[in-house]
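Structure first, then comments.
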Amino acid sequence: MPLRFYNTLTQQLEEFQPQDGKTVRMYTCGPTVYHYVHIGNFRTFSFQDILRRTLRARGYALDHVMNVTDVEDKIIRASMAAGQTIQEYTAQYTRAFLDDAALLRLERPERIAFATEHINDMVVAIEGLAARKHTYVSDGSVYFRIASFPQYGRLSHTNFSGNIAGARVEVDEYEKDDARDFVLWKARKPGEPAWDTPLGDGRPGWHIECSVMAQKYLGQTIDIHTGGVDLIFPHHENEIAQAEALTGKPFVKYWLHAEHLMVEGQKMSKSLGNFFTLRDILEKGYSPEAIRYLLVSAPYRKQLNFTFDGLKAATTSIDRLRNFDLRLRNERFPEGLNPQMQERAAAALTAFHAGLDEDLNTADALAAIFEFIRDANTAMDSGEFKSGDTPAARDLLTAFDSIFDVLKPTVQEGALSDAEIEELIKERTQAKKSKNFSRADAIRSELLEKGIILEDTKDGVRWKRKS
């Protein structure tokens, strides 16, 4: 089955083919580092991680660039209020984002590009747009003239011809869904940080950053560009206008956008008290794996309702997966091979990949895994699961976890290592053989206090970390 994605540009499911057939050139809009990143943003970043892993599982190499916006209006206001330079202010939140992404097991892109490190590239691009008559200067700032790019609105599928009349917007985001000439270079205001360039003292507008950095590292036409649906207009629309007006070539082949995340059925808002960062959720005692699982459990093009009941259900689902993994690793099954289990494992693996191949349908992929686990557990309980069935089941779990990556618990700082746990279990086993039951009980209690659950079975001691 071919890998297919829904392309926002064409509004169709399309078979995916990278331009060179081997390496996927992909650009993702990263964080604006003026504060800790909230879970709505991490819904998009988590979808991008599933995309990365699926592409690699299909045999593609990746050349993936993610930007970090470390200069724009909100950052300037916040850094000035804090009495810090832009670099000082954004460094703390850049580190926090990278730490949070690692906790959620999001793979690092091949390149992370910082806006402030590419000012000269942006200046050159703006000069190129000026030479092609796509810009004008007003009050020292340089604006992109939308009327000079007739294809404007192609991504958001909106006809802006009636309101492209030269009205200007200097802020980095529009306040309503209209088309206004947008700022490429902002003239310096009193007290603001600025760069001395041929365009004058100032700084870039937000929209020019991504198109310039994408094309610098990935070429004039890239394979995939992703982001949240909130970026379709104006940000991605403006990226297309800038890039294609400069080169005359298509900017992006496939545009993929993740839908909004709701919290308890409402739009996330500080005024509603339902605005959460990853750190807020972790402080409530939920594991990074449960958060990751919930964020990717619904297909990326469907709204996701993030609830605490949903987090509890995600924890339960992960426990089911880990308990099945424990059975495969520790139980002794009857010798032989059950052809029906072999067929079920093969069918589940095919269905798992088919779900991901159809526009990253994570819900269908997860359903294939849990249906197999249900059938396999039933077969294990009745003695119909044979020792020869284990490799196929393990291969299925390995394929699952190469994408979803939730099987291994996060080990908290200061927690016992696997080797330390095994050593205590050996000591407990020896204590029981020596009839030193008080010591054996003490070890069990010590492990339980540190989040380690023991289970004595006919095949020996099984253990797991509490979710």
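Everything numeric here is computed off the predicted structure, so don't read it as measured data.
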Study note, to complete from the structure: Taken to the nearest 0.5 Å, the spacing of Leu256 CG from Met26 CE works out to 9.5 Å
Study note, to complete from the structure: Sorted by chain and number, sequence neighbours left out, ring pair (Phe, Tyr, Trp, His ring centres under 6.0 Å) with Phe352 holds for none
Practice item. Answer yes or no: is there an ion pair linking Arg25 with Asp63, defined by an N-O contact shorter than 4.0 Å? Key: no
Check your understanding: Nearest heavy-atom pair of Ala115 and Met122: which atoms, and what distance?
Key -> O-CE, 3.3 Å
Point to revise | Residue pair Met262 / Leu304, side-chain heavy-atom distance below 4.5 Å | key: no
Exercise for review: Enter the distance from Leu155:CG to Leu231:CG here, rounded to the nearest 0.5 Å.
Suggested key: 10.5 Å
**Study point:** Ring geometry between Phe182 and Phe144 (parallel below 30°, tilted from 30 to 60°, perpendicular above 60°)
**Key:** parallel
**Study point:** Salt bridge present between Asp73 and Arg203 (N-O < 4.0 angstrom)
**Key:** yes
Exercise for review: Would you name the heavy atoms of Val296 and Ser46 that are closest together and state the gap between them?
Suggested key: CG1-CB, 3.6 Å
Point to revise | Non-neighbouring partners of Asp364 that pass side chain to side chain contact (heavy atoms under 4.5 Å, CB included), sequence neighbours left out | key: Asn361
Review point. Tell me, do Phe45 and Pro31 make a side-chain contact under 4.5 Å, heavy atoms counted?
Key: yes
Practice item. Quick one: which residue pairs count as a side-chain hydrogen bond (donor to acceptor under 3.5 Å, both in side chains) with a foot in residues 351-360, not counting sequence neighbours? Key: Arg4-Glu358, Arg58-His353, Arg58-Asp357, Tyr300-Asp359, Arg301-Asp359
**Study point:** Non-neighbouring partners of Phe275 that pass ring pair (Phe, Tyr, Trp, His ring centres under 6.0 Å), sequence neighbours left out
**Key:** His38
Practice item. Assign the ring pair Phe306 / Phe308 to parallel, tilted or perpendicular, where the plane angle (0 to 90°) is split at 30° and 60°. Key: perpendicular
Practice item. Search all heavy atoms of Cys29 against all heavy atoms of Cys210 and return the closest pair with its distance. Key: SG-SG, 3.9 Å
Review point. Side-chain donor-acceptor pair under 3.5 Å between Glu14 and Thr10, yes or no?
Key: yes
Point to revise | Presence of salt bridge, Glu72 and Arg77, under 4.0 angstrom | key: no
Practice item. Only counting residues at least two apart or in another chain, list the ones meeting ring pair (Phe, Tyr, Trp, His ring centres under 6.0 Å) with Tyr93. Key: His35, Tyr36, Tyr89
Check your understanding: What residues form a side chain to side chain donor-acceptor pair (under 3.5 Å) with Tyr254, not counting sequence neighbours?
Key -> none
Review point. Residues two or more places apart in sequence or in another chain: which of them pass side chain to side chain donor-acceptor pair (under 3.5 Å) with Glu371?
Key: none
**Study point:** Distance, nearest 0.5 Å, that separates CD1 of Ile403 from OG1 of Thr54
**Key:** 4.0 Å
Practice item. Establish, from distance only, whether the side-chain atoms of Asn67 and Thr69 form a donor-acceptor pair under 3.5 Å. Key: yes
Exercise for review: With sequence neighbours left out, write down each residue that passes side chain to side chain donor-acceptor pair (under 3.5 Å) with Arg374, or none if nothing qualifies.
Suggested key: none
Review point. Looking at residues at least two apart in the chain, or sitting in another chain, which of them share a side chain to side chain contact (heavy atoms under 4.5 Å, CB included) with Arg444?
Key: Arg428, Leu454, Asp456
Check your understanding: Any side-chain heavy-atom pair from Asp223 and Val252 closer than 4.5 angstrom?
Key -> no
Check your understanding: Is there a donor in the side chain of Tyr152 and an acceptor in the side chain of Asn238, or the other way round, less than 3.5 Å apart?
Key -> yes
Point to revise | ring pair (Phe, Tyr, Trp, His ring centres under 6.0 Å) against Phe114, all qualifying residues, sequence neighbours excluded | key: none
**Study point:** Evaluation steps, side chain to side chain donor-acceptor pair (under 3.5 Å), between Glu264 and Asn305
**Key:** CA-CA 6 Å; Glu264 303 288 349; Asn305 188 23; 5.8 Å; no
Practice item. Using the test side chain to side chain contact (heavy atoms under 4.5 Å, CB included), find all partners of Ala376 that sit at least two apart in sequence or belong to another chain. Key: Phe324, Met341, Phe372, Phe385
Exercise for review: Go through His64 and Arg52 one step at a time and tell me if the side chain to side chain donor-acceptor pair (under 3.5 Å) criterion holds.
Suggested key: CA-CA 9 Å; His64 176 191; Arg52 270 187 63 94; 3.1 Å; yes
Practice item. Indicate the atoms forming the closest heavy-atom contact of Thr362 with Ile50, along with that distance. Key: CG2-CG2, 4.1 Å
Point to revise | Pair Gln84-Ser79, side chain to side chain donor-acceptor pair (under 3.5 Å): steps then yes or no | key: CA-CA 5 Å; Gln84 295 178 304; Ser79 63; over 6 Å; no
Practice item. Would you confirm whether the ring centroid of His257 sits within less than 6.0 angstrom of the ring centroid of His236? Key: yes
Review point. Is Lys284 salt-bridged to Asp280, going by a charged N under 4.0 Å from an acidic O?
Key: no
Study note, to complete from the structure: Shortest non-hydrogen pair, Leu184 vs Ile208, comes out as O-CG2, 3.9 Å
Check your understanding: Under 6.0 Å between the ring centres of Tyr286 and Tyr293?
Key -> no
Revision key, fill the gap. Smallest heavy-atom separation, Leu397 atom then Leu407 atom, equals O-CD1, 4.3 Å
Review point. Judged by atom type as modelled, is there a donor-acceptor pair below 3.5 Å linking the side chain of Arg188 to the main-chain atoms of Glu192?
Key: yes
Review point. With a 4.0 Å cut-off, would you call Arg327 and Glu331 a salt bridge?
Key: yes
Study note, to complete from the structure: The side chain to side chain contact (heavy atoms under 4.5 Å, CB included) partners of Arg105 (sequence neighbours excluded) come to Arg53, Glu289, Arg292, Asp405, Lys408, Thr410
